[in-house]
Engineer: 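So that we are looking at the same thing, I have put the structure below in structure tokens.
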Amino acid sequence: MSLKKNLSETVLKKMFYGADYNPEQWKLDPAILEEDFKLMKEARCTSMSLGIFSWTLYEPSEGKFEFEWMDRLMDQFADSGMKAFLATPSGSKPMWMSEKYPEIRKVDRSGKLEPSGRRHNHCLSSSVYKEKVRIINEKLAQRYAKHPALALWHLGNELQGECFCSGCLNRFHNWLEDKYKNLDALNEAWWARFWNHTITDWKQIDPRDETIDCLVVDWKRFTNDLHIEFLENERIPLDRYTPEIPCTTNYMGTHPQLNYGEWSKVLDVVSNDTYPEYDGSSKMWEHAAEVSMICDLMRGLNQGQPWMQMECSPSLVNWKRVNKLKRPGVHKMETTQYIAHGADTLHYFQFRKGRGGFEKFHGAIVDHDSRTDTRVFKEVQEVGERLEALEEVVGSKIVGNKTALIYDWESQWAINSSCGIKQPSLKKGVNIGTDAYNEIQYDHYRGAWSAGLGMDLLLALPEGLGELSNYNLILAPALYLLRDSVSEQLKEFVMNGGTLVLSHRSGVVNEHNQVHLGGLPGLGLNEIAGVKVEEIDALFEHETVQVQGNSKTYSLRESLGRLYPMGAEVMFKYLDGPLKDQPAVTRNSLGQGEVWMLAANFDKEFYHDFYNSQVEAKRLSRSIDVKLPLGVASTKREKEGVAYHFLINYTDQVQTIELPKEDSFSNLETGEILQKVHLDAYGSIILKT
Ligand code: GLA
Ligand code: ZN
């Protein structure tokens, strides 16, 4: 049983709708505040995150606290019936503190102490900083414990980073000693005789030595543990004074250093920041699938509980190379997407644009002119209206998916630290994950998504994958770091009738980033797949290779595996290129189930057709029982016997969908009964059955 504080049961009666709110930038000018609250109402907002960067305002000098300004704000929230996600201010330390206690500043990779300013740059293990955080959190928790506006603790902001100070290095050495007990075990685990790296004293260990690739993974595990320890430290006073108020911290998608699978064990609610590359191009739907995967990952991090979209932009951002405005309809499409995938909160960055500083041109609900007739403001109102109509959806969940994709941060770390693995040639946005690991997850997810399958994301944690018996189809592409426990679960899943999909990078190393011996995929997966991956070839950007199966040909990119079948049936062959005429895709029947090996990075059409054929061959049920046009997707949330179908058109074309005859679908927002749905470019609809 989960002991987590549940957001929807404790405080949430309707969708939270709001933004990051920074009134301190306006010196808390009463006229601006008054206008802000008026505009919040007009924008249909119900909540705001506040106090994120306010530490110096609370504590202008050491031990001298001023909370009256926040008292007034909190009262204003309560008076206007709004909720506050009160931040703990640890994301940015006061300048006086950084100057007085330089050890709270991060030391960078080159050994340099960082300057006092910027943000998100504290030393992770500094006991001084942790104590200061505990003190300010205790003051906040004591003061606002019973305040009617307080809905949630927003711990810090986008917690991240690594520190190379002597304190952190010492902690790392102790962490390693704790883990390995003696240097022989460490040297063995790290394959340390390579290049004469045998460690003879814990103090010799330098996390910057990337030639020991297990060290790199251990350093990430250690840094991740420090972040978790930091969050737990933040919680101590909050749990004491506000035991019923849930805690969250805003995640950053598939962040390459942070294993949110572990973080979510110490937080009540999952929240996430996403800034998609919704550029209005005809390929935008392909990226929408990636965003959907991240949303499903967020849902998976807390066992399917409703989660929070904590930040996204109501228009453009200011930090991309090219900052695009959203095309008409895209704003509503994007925000509906988050709710469709199980979010019960929609917050933007930011409520009002500041006059100066790094983010003065970042999109906001309220622009510098404070007008309510801007395109953005009107779109925000329109989304607010939709969220009001969706009140009954709050607390509903996506249940009963029969397909799962395994997501594993440690595989991401291990692949990306293993020298020689080709990284994708096309780099995309930020917080979206654009490395060899995420790229192949997206390929498979996108294929299954475009075939209409609803998916759960399962975390591969050291303790295993959780319950698999509810699934028919499991996708384990690039499950690169494979542990015995997970391999056993997958074998059992297949024996009991499941279909398992592997790729050429599945089951390659153990938890020490050492290659499994005896043929890949290792730990017996090659036996259940009836095939070994003998070698992997990488392609130049200009090289193309075709594959053929049935009567269709597809192309592939990046890399391809040479397969050695040991009983598996060959389903596709390479038509040309370095492995001409050799198998590219195999299938093996085993027990009641089967295992597929997809040994390359195929084109998008391949994955689409492959997962469609799985749906048809195995009669897998789609989220909605119709074949949707490419680029249109659906999800289903359910509560108390009612189903809410979200149909979203991620393309720039008008789309028509005939609804299944068996059910009576009504438009949640208008009540109209529909047999057919017309979706404008980027249009969406929520149907009730
Ligand atoms: C992040 C931060 C915010 C803001 C936005 C801008 O998500 O958490 O404070 O800087 O980026 O996009
Ligand atoms: Zn440090």
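Start at 1 and go down the list; that is how both ligands and their atoms are numbered. When a residue number appears, it is its place in the shown sequence, counting from 1.
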Engineer: Parallel under 30°, tilted from 30 to 60°, perpendicular over 60°: which one fits the rings of Trp219 and Phe164?
Structural biologist: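 Parallel.
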Engineer: Just to be sure I read this right, does ligand 1 sit under 4.0 Å from the backbone of Gln350, its side chain, both, or neither, counting only heavy atoms?
Structural biologist: neither
Engineer: So which bit of Asn157 gets within less than 4.0 Å of ligand 1, heavy atoms only: side chain, backbone, both or neither?
Structural biologist: side chain
Engineer: To the nearest 10°, what's the angle at the Zn ion (ligand 2) between atoms SG (Cys168) and SG (Cys123)?
Structural biologist: 100°
Engineer: Hey, is Glu277 close enough to Lys320 for a salt bridge, meaning N to O under 4.0 Å?
Structural biologist: yes
Engineer: Number the atoms of ligand 1 from 1 as they appear, then name those within less than 4.0 Å of a heavy atom of Trp319, with their elements.
Structural biologist: 6 (C), 12 (O)
Engineer: Provide the number and element of each atom of ligand 1 under 4.0 Å from a heavy atom of Glu158.
Structural biologist: 1 (C), 2 (C), 7 (O), 8 (O)
Engineer: Would you call the rings of Phe222 and Phe172 parallel, tilted or perpendicular, where under 30° means parallel and over 60° means perpendicular?
Structural biologist: tilted
Engineer: Using a 4.0 Å heavy-atom cut-off, which part of Arg119 comes near ligand 1: side chain, backbone, both, or neither?
Structural biologist: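 Only the side chain of Arg119 comes within reach of ligand 1.
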Engineer: Only one of Ser315, Ser313, Cys312 forms a side chain to side chain contact (heavy atoms under 4.5 Å, CB included) with Tyr348, so which one is it?
Structural biologist: Cys312
Engineer: Should the ring pair His227 and Trp263 be called parallel, tilted or perpendicular, given that the plane angle runs from 0 to 90° and is split at 30 and 60?
Structural biologist: tilted
Engineer: Mark up the atoms of ligand 1 that fall under 4.0 Å of a heavy atom belonging to Asp273, in ascending order.
Structural biologist: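 In order of number, 7 (O), 8 (O).
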Engineer: Run the numbers for me: atoms of ligand 1, each under 4.0 Å from some heavy atom of His362, listed by number.
Structural biologist: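 Every atom of ligand 1 under 4.0 Å from some heavy atom of His362: 6 (C), 12 (O).
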Engineer: When the ring planes of Trp449 and Tyr650 are compared, do they come out parallel, tilted or perpendicular, using 30° and 60° as the limits?
Structural biologist: tilted
